[in-house]
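Letters A, B, ... are given to chains in the order of the sequence lines, protein chains preceding strands, and every chain is numbered from 1. Values in this document were obtained by computation on a predicted structure and should not be read as measured data. We use all heavy atoms of the structure for the numbers below, so side chains are in, but hydrogens, waters and symmetry mates are not.
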Amino acid sequence: MTQGPSYVENDEIARRLMDVGLLLQIQGANPFRVRAYENAARTVETHATPMHALVEAGADLTDLPAVGKDMARHIHEMVTTGHLSVLDELSKEIPRTLIDMIRLPGVGPKRAKKLWQSLGVQTIEQLEAVAQAGAVQELEGFGLKTEQRILQGIANLKQRQGRFKLSDADALIGPLLAHLRAHPGVQRVEVAGSYRRRVETVGDIDLLAIADDAESVMDHFTTFPRVKRVEKSGGTRGTVILSSDLQVDLRIVPAESYGAALQYFTGSKAHNVKFRTKAVARGLRVSEYGVFEVDPDQDPETADPRSGRRVAGDTEASVYAAVGLPWIPAELREDRGEIAAAERGTLPSLVTVGAMRGDLQMHSTWSDGKHSIEEMLVGCAARGYEYFALTDHSKSLAMTGGLDEVALREQWREIDDVTARHPEIRLLRSMEIDILRDGSLDLADEMIAQLDIAVVSIHSLFDLPSGTQTARIVKALEHAGVHVLAHPTGRLINRREPIAFDLDAVLQCAKAHNVAVELNAHPNRLDLKDTQVVLAREMGVRVVISTDAHRVEELDLMRYGVEQARRAWLEPAHVLNTLPLPALLATLG
DNA sequence: GCCGTTTTCGGCCCGACTGTTTTCAGTCG
C-alpha cells in the first residue's frame, strides 16, 4: 500500500478563499470584491469533484460558476503549491484571528477592525479581557450594551461549540410549535430557514406566522415555559433563547405576504440573491413582503420599499411563478444549479420516504440492537416495506456482541423460524461485516456467499493515513461478495471527524465492482453527506438509504436520510432500495 | 472580482433593528 500525495481538499480551499474575503472586508475593500471570494468559496465547497482532480485533468477552472481568471489562479496555486499567496500577504497586514471575532454577535468587520486598531485586540481571549475591564464601551461607536452583548456572545461560544443536529432541533421545536398553535390568534405557523432546507445541522430556528393579534401572539411566544431569555420582542419580530441554548426567531407577517416571507426566510442566502437578480432583470422587486413591479420613474434609493404594484406574495408558488419559475423544493435551494434547472424545466423528481421499499441496515438483540428479529420485522412491515436486511455486527466488533460464523448460523435458524410465521415481508439475510486493517473481511467467504446482501464498513483504525485507508476500503470493495459500503466516512456529527481517504477513488472502485454506497440516515451520522452523495450520483454509483436502527422506533429515522438524499438531487432511480423486491434481488445477483 | 436574451463596462438583493446617535452606521438574516 502506498501513501498517495496529500492534496488540499475542497473544504480547505473554500475556507481559505472565505478567509481572504473576510480579511478584505475588515480592510474595507469593495464589498463586491469581497462577495466574489465568498461566491467562489461556496462553489468550491459544494463542488462534488475535488479541485485537484480538475487541475490534474487540465480542466478550465473558469468554467466553474463564480470562478474567473483570478480565482482560477488562486485555486491552481493552492492545489499545486499548498499555499495561497494573496492570503499570506493579507495576513501580514491584518491578523487572521480577527475572523473569529466577526462571528460574535454584534461584531462585524468594522468593529473588529476598530477593536484591533484602538485596543490592539487580536483574539477572542484578549477581547474578553478588555471588555471585562470596561474598555470596549469607551470606544466610539460602541457602548455599554454592545460591550455586554460581546461578553454574552463569548460566554455562549464557550458553552456551546457547534450547531444543533437536525434531529435535536426537531425535538426542541415540536413542543414550541404546539404551544404557538394553541393560541387562538395563530392562523398558521411554520419553520423556515436551514431547518426547512433540511441542512444536517442548524444554527438557529426561524419561525413564520400569520396571526390576528400579533402583540398577544408575540407575548405567548416569549412566555413559552422553556424560554431562558428574551433577546428582542417587537410588533412583528421576536427572538428568544430556549433553555437548550437554541435561538428561535419568530416573525409575524400579513397573510398576503406569507409566501414571500416563507420564500425569503427559507433561503439560502445564495439562492435568494440569484433569485432576486432574475427578478430584477424582469423589472420586479422581491422582498419578504411580496413581488412588486418596479416603477421606472422612481429613484430606488428613496422609494418606499413597499411601493409598486404587488404581483405575488401570498404563496411561495406565486412568488416563483411571478419570476417565471416553477416552485422549487426547499432542499434544493442552495444555489447549486436549481434555478437554471427550474428555468429549463429539468428539476429532479426527488425521492420520497414513500418511495422507499425497504431498509437495508439494522441491528437486533443478536448484536447491539435492543429488539428481537421478530420485533424488527414487525416494525418494518408496519412501515409498509416489502423487504429489509438484518445486519448484525461481525465478530471483531466484540463490544457489540458481534457474531462469529457459528453464531451467524444459529441466527439463520431463528430467521427461518421467524420468517415462516411472517410471509408479509421478506427478510434479507445480511451482516454488517467489519473491514479489517488490511482490507480483508471479518467473515468467512463461504458465509458471505450465503448472504442475500453483504454490507461492509469500518469501525476501527479511523486515523490511518489517507492512502492506507483508501487501499483498505478498495480491497474490501473488490471482494466479489460485497454489495454495500456502509457509513463510508465514519463521521459522527459534532463528535468524530470523518476518516481521511480518497472518496473519488473509492467511488470509482464501487462503480467498477457494482457496489452501492450507503447514505446512513441516522441523524448522528448522515454519511455520506449531501455533497458527497452528489459525487456518487454524478459517477453513476447507486446509493442505499438505511437507518442503521438499533431499535424499532429508529426505523422512523429514514426520513432524515431521504431528506439528505433530496439535497443531493436524488431521484428514486438513484436509490437501490426503492426497487421492488424482484428487481433488487436481480441487481444483487 | 465576476459577469452578460438589455451590457465586455457598469452593474452587483433587500429590508429591519439596535444602539449610538442628532441623521445613521453597523449588523443581521
Using a strict heavy-atom distance below 4.0 Å, which residues from residues 31-40 of chain A are in contact with DNA chain B? A:F32, A:R33, A:R35, A:A36, A:Y37

Residues touching DNA chain B, which here means a heavy atom under 4.0 Å, drawn from residues 128-144 of chain A: A:G141, A:F142, A:G143, A:L144

Is the shortest distance from a Lys or Arg side-chain nitrogen in [X] or [Y] to a carboxylate oxygen in the other one below 4.0 Å?
X      : Y      : answer
A:R198 : A:E331 : no
A:R559 : A:D556 : no
A:R336 : A:E538 : no
A:K278 : A:E343 : yes
A:E200 : A:R491 : yes

On the 0 to 90° scale, with breaks at 30° and 60°, tag the A:Y37-A:H74 ring pair as parallel, tilted or perpendicular. parallel

Taking [atom1] from [X] and [atom2] from [N], how many angstroms apart are they, rounded to a whole number?
X      : N      : atom1 : atom2 : result
A:D206 : B:dA16 : CG    : P     : 17 Å
A:I205 : B:dG29 : CD1   : P     : 13 Å
A:E231 : B:dT18 : CD    : P     : 11 Å
A:K113 : B:dT27 : NZ    : P     : 12 Å
A:Q25  : B:dC28 : CD    : C1'   : 12 Å
A:K232 : B:dC28 : NZ    : C1'   : 7 Å
A:Q148 : B:dT20 : CD    : C1'   : 14 Å
A:E147 : B:dG19 : CD    : P     : 14 Å

Can you tell me if A:Q117 has over 12 outside heavy atoms packed within less than 6.0 Å of its CD? yes

Let's test your reading of the model: under 3.5 Å, does the base of B:dG1 pair with the side chain of A:N30 as donor and acceptor? yes

Can you check whether any acceptor in the base of B:dG15 is under 3.5 Å from a donor in the side chain of A:Y264, or vice versa? no

Just call it for [X]: base, sugar-phosphate, or nothing, with non-hydrogen atoms closer than 4.0 Å on any strand.
X      : result
A:L104 : sugar-phosphate
A:R251 : sugar-phosphate
A:K69  : sugar-phosphate
A:N272 : nothing

Please tell me if the side chains of A:R310 and A:S257 come closer than 4.5 Å, counting only heavy atoms from C-beta onward. yes

Does [X] make a side-chain N or O approach to OP1 or OP2 of [N] shorter than 4.0 Å?
X      : N      : value
A:R285 : B:dG15 : yes
A:T236 : B:dC17 : yes
A:K269 : B:dG29 : no
A:T277 : B:dC13 : yes

Residue closer to the 5' end of DNA chain B, A:A72 versus A:P109 (nearest nucleotide): A:A72

On DNA chain B, check which nucleotide each of A:T62 and A:S233 is closest to and give me the residue with the more 5' one. A:T62

Could you give the side-chain donor-acceptor pairs of residues 203-213 of chain A under 3.5 Å, partners two or more places apart or in another chain?
unit_1 : atom_1 : unit_2 : atom_2 : d
A:D212 : OD1    : A:Q187 : NE2    : 2.6
A:D213 : OD1    : A:E215 : N      : 3.4
A:D213 : OD1    : A:S216 : N      : 3.3

With rounding to the closest Å, how many angstrom separate the [atom1] atoms on [N] and [M]?
N      : M      : atom1 : result
B:dT6  : B:dC12 : C1'   : 15 Å
B:dC9  : B:dG15 : P     : 31 Å
B:dG11 : B:dA16 : C1'   : 25 Å
B:dA25 : B:dT21 : P     : 13 Å
B:dC13 : B:dT18 : P     : 26 Å
B:dT7  : B:dC2  : P     : 22 Å
B:dG1  : B:dT5  : P     : 23 Å
B:dG29 : B:dT22 : P     : 27 Å

Rounded to the nearest 0.5 Å, what's the gap from CG on A:L507 to CZ on A:R537? Could you check? 12.5 Å

Candidate nucleotides [options], ranked by approach to the side chain of [X] - the nearest:
X      : options                : result
A:K145 : B:dC2, B:dA16, B:dT20  : B:dT20
A:Y289 : B:dC17, B:dC13, B:dG15 : B:dG15
A:V273 : B:dT27, B:dG29, B:dC13 : B:dC13
A:T146 : B:dT20, B:dG15, B:dG29 : B:dT20

Below 6.0 angstrom between ring centroids: does that apply to A:Y264 and A:Y289? no

Would you say the side-chain atoms of A:S91 pair up with the backbone N or O of A:R96, donor to acceptor, closer than 3.5 Å? no

Tell me the partner of B:dG4, counting only Watson-Crick (N1-N3 plus N6-O4 or O6-N4) or G-U wobble (N1-O2 and O6-N3) with both under 3.5 Å; none if nothing fits. B:dC9

